[in-house]
2 protein chains.
Amino acid sequence: MNTISWDLYRTFLAVLRTGSLSAGARDLGLTQPTAGRHVEALERALGYPLFTRSQQGLRPTDAALALQPYAETLASTAAAMERHATGASGDISGVVRISASDVIGIEVLPPILAALQDEHPHLTIELSLSDAVEDLLRREADIAIRMTNPAQEALVAQRIGNVPIGLHAHQRYLDRYGMPLSPADLKGHRFIGFDRKTAFIRAMEVRFQAMMPTFPALDELNWSYRIDSNVAQLAAIRAGVGIGFCQTGVARRDPDLVRILPDVFELPLETWVVMHENLRRGLRWRKTFDALVQGLRDYARETRPQD
Amino acid sequence: MNTISWDLYRTFLAVLRTGSLSAGARDLGLTQPTAGRHVEALERALGYPLFTRSQQGLRPTDAALALQPYAETLASTAAAMERHATGASGDISGVVRISASDVIGIEVLPPILAALQDEHPHLTIELSLSDAVEDLLRREADIAIRMTNPAQEALVAQRIGNVPIGLHAHQRYLDRYGMPLSPADLKGHRFIGFDRKTAFIRAMEVRFQAMMPTFPALDELNWSYRIDSNVAQLAAIRAGVGIGFCQTGVARRDPDLVRILPDVFELPLETWVVMHENLRRGLRWRKTFDALVQGLRDYARETRPQD
DNA sequence: CTGATGGTATTCATTTTTGAATAGCTTCTC
DNA sequence: GAGAAGCTATTCAAAAATGAATACCATCAG
């Protein structure tokens, strides 16, 4: 019995992801006939079909979908291996992949990483911005900036500190609609919030109401601008759309953003930098990790009222 | 830039594991020249050597060793994928890989699994026996029998119960050397123990001394027969070599094995059956999981004094 | 209805990969 | 010191995988 070529798994995944032989082949730098042959060979090896062919693409069967997680793991591992492999080991060069939330990635990381790259010009940074927690054990990223204390073993973690979330609005908005001076004042204002409520948001709402009993019920507020992206919420705050949530560290940098009711509303948010411990010995990850810890600590320090 | 073929990683790993092109090729069903060409191609793609060639094989460079963990993950994932893929999905057929300690795998599992296979003749069982905890998240096994409460998420776990470890000896040994009736009596006896002390053993020793203050210090006992394998320890107990540690459930099955000082010495040992939650829907894993839980619960029940 | 776009299947020449055979080296055993 | 066993490197013919070209089908916009 001949074992199955791993390359077949790769094109299988590409076809599965893209939904067609042509697109999958394009992603892989192959041609459509070879992609077709790979899928065919895999199906022959397994003894059952993985896709139902049609003129507008290939629809995966249940069996194919069941295999997808494995193929995804293969892909992320191979990508991590290639990242690790490229770049001389003694030098600080090659690729480091960082996972962070979109706000951090857009508002906070650029200057930190720019300075790092100034120092190490051969270092390439891959930034993966999403609130989905990428799995460091599965090597979907090398280093992650997390908002939860990482309990998993095999990870190196450094606590940055608490960068709380506060309520903010632009000065222009406040000039027109007035500054809320008590929780009750909030009821008349326009609020920027989430569009669809994820499980995380829901959980936070509950925690939130429990923590801040003087705060009006969230349902009673006027959520007049709803968008899921935190960055887009921030943009809305800056544009004077209304009052929204935002990390105090980010808001503090913009002189026109004003914190609302700082004594009443404050949602703590722990920040951690986390890395797989296998990477600890690699110079480039170590340096990047240290730079992130340092840079984020500086950022966290800005957060505290210091003036 | 052309991406690296995943098959190169596979032969890279085989060569790394076996230490030579020839042996690696043999494992993979290839020939030595192709294995050599694969390694060469990988080195060319990365831009640095992975092995130093010699007449007696290939010695890996540091860079190669750094890449090994990734390749191992690839291999175990690909193996899991193939296991998952073979066997029709509606039927109970294909391969299930179980990880267990050697004692459990040799003394307890055979009848359970035999009954399961009687019922499902197309089911193939792979047993991986070691005390090394195989990682279910990394798919090194499908189902594991663990002695610790599995804290990781993404796992389905069922608690079996407490199957404590007790001191045991063969009747023949006791006839000749006498039955210890108090902890102090133990000092004159011959003991069967571990050869090299692992971190786990050391930790258990500490816990042990703390739990059983009336027990003599372990250093004072006469460890006259030392062997790391638990199965070999059991064999030694059965051969009348001396007094040794053994799961009470296993010992109870052999009428000639006598428990020593049951009221004084008892080391609790929790048992769990654990599985990756992705496999919950697969019929063959579900069935095997259930059979293991049922069979081990029966085994645990035997343990309790019931006569 | 027509043309553009994007998909699969098939054919065939070309390129690439592979294996068998062989030479040459080292180590170990008798 | 002879011989066996195990290894790498190289050569060359055979086998396998690939890509370009093409036919053909579905969908959508105008």
Side-chain angles (χ1 to χ4, degrees), chain A residues 1-65 68 71 74 78 82, chain B residues 1-65 68 71 74 78 82:
Chain A
M1 187 197 108
N2 218 342
T3 174
I4 298 169
S5 162
W6 290 3
D7 282 337
L8 298 189
Y9 295 141
R10 176 163 60 174
T11 71
F12 161 73
L13 179 62
V15 171
L16 191 54
R17 279 175 168 170
T18 60
S20 86
L21 293 176
S22 309
R26 228 177 293 130
D27 280 8
L28 260 50
L30 302 175
T31 55
Q32 169 257 327
T34 53
R37 283 185 279 245
H38 282 181
V39 170
E40 204 179 329
L42 187 56
E43 289 176 327
R44 196 152 5 96
L46 300 182
Y48 51 81
L50 292 166
F51 297 94
T52 57
R53 270 79 169 168
S54 83
Q55 238 66 25
Q56 63 259 37
L58 276 71
R59 192 194 329 283
T61 63
D62 288 349
L65 292 175
Q68 184 166 16
L74 285 178
E82 202 168 331
Chain B
M1 186 196 109
N2 218 342
T3 173
I4 297 169
S5 162
W6 290 3
D7 281 336
L8 298 188
Y9 295 141
R10 176 163 61 172
T11 73
F12 161 73
L13 178 62
V15 171
L16 191 55
R17 280 175 168 170
T18 61
S20 85
L21 293 177
S22 311
R26 227 176 295 130
D27 279 9
L28 260 52
L30 302 175
T31 56
Q32 170 256 327
T34 51
R37 284 186 279 246
H38 282 181
V39 169
E40 205 179 329
L42 187 55
E43 288 176 327
R44 197 153 3 96
L46 299 183
Y48 50 82
L50 293 165
F51 297 94
T52 56
R53 270 79 168 167
S54 83
Q55 238 66 25
Q56 63 260 36
L58 276 71
R59 191 194 329 283
T61 63
D62 287 349
L65 292 174
Q68 184 165 16
L74 285 178
E82 202 167 332

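Predicted model, so just to flag it, every value in this text is computed and none were measured. Sequence lines set the chain letters: A, B, ... in the order given, protein chains first and strands last, and positions in each chain run from 1. Just so you know, these numbers use all the heavy atoms, side chains as well, and skip hydrogens, waters and symmetry mates.
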Grab the two heavy atoms, one from A/E43 and one from A/F51, that are nearest each other, plus how far apart they are. OE2-N, 3.2 Å

Give me the atom names and distance for the closest heavy-atom approach of B/A64 to B/L50. CB-O, 3.2 Å

Test item: A/L13 and A/L74 side chains (from C-beta on) under 4.5 Å apart, heavy atoms: no

Contact check, side chains of B/T3 and A/E82, non-hydrogen atoms, under 4.5 Å: yes

So which nucleotide from [options] ends up closest to the side chain of [X]?
| X | options | answer |
| --- | --- | --- |
| A/R26 | D/dA21, C/dG7, D/dA26 | C/dG7 |
| A/T31 | C/dT8, D/dG19, C/dT26 | D/dG19 |
| A/Q32 | C/dT10, C/dG7, C/dA9 | C/dA9 |
| B/L21 | D/dT8, D/dG19, C/dG7 | D/dT8 |
| A/S22 | D/dT18, C/dT18, C/dG7 | C/dG7 |
| B/T34 | D/dC7, D/dA9, C/dT18 | C/dT18 |
| A/L58 | C/dA21, C/dT8, C/dT18 | C/dT8 |
| B/Q56 | D/dA26, D/dA21, C/dT26 | C/dT26 |

How long is the line joining [atom1] of [X] and [atom2] of [N], in whole Å?
| X | N | atom1 | atom2 | value |
| --- | --- | --- | --- | --- |
| A/E40 | C/dT11 | CD | P | 12 Å |
| A/E43 | C/dT8 | CD | C1' | 13 Å |
| A/R44 | D/dA16 | CZ | P | 12 Å |
| A/R53 | D/dC25 | CZ | C1' | 16 Å |
| A/R59 | C/dG7 | CZ | C1' | 13 Å |
| B/D7 | D/dA17 | CG | P | 11 Å |

Taking 4.0 Å as the cut-off, does a side-chain nitrogen or oxygen of A/H38 come that near to OP1 or OP2 on D/dA17?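 Checking A/H38 against D/dA17: no side-chain N or O falls below 4.0 Å of OP1 or OP2.
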
With sugar-phosphate meaning primed atoms plus P, OP1 and OP2, does A/S20 contact a base, only sugar-phosphate, or nothing at under 4.0 Å between heavy atoms?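 It contacts sugar-phosphate atoms only.
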
Flag if over 12 foreign heavy atoms under 6.0 Å of CZ, B/R59: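 Incorrect, the count does not exceed 12.
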
State whether the distance check finds a donor on one side and an acceptor on the other, under 3.5 Å, for side chain A/R37 versus base D/dG19.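 Side chain to base: pair present.
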
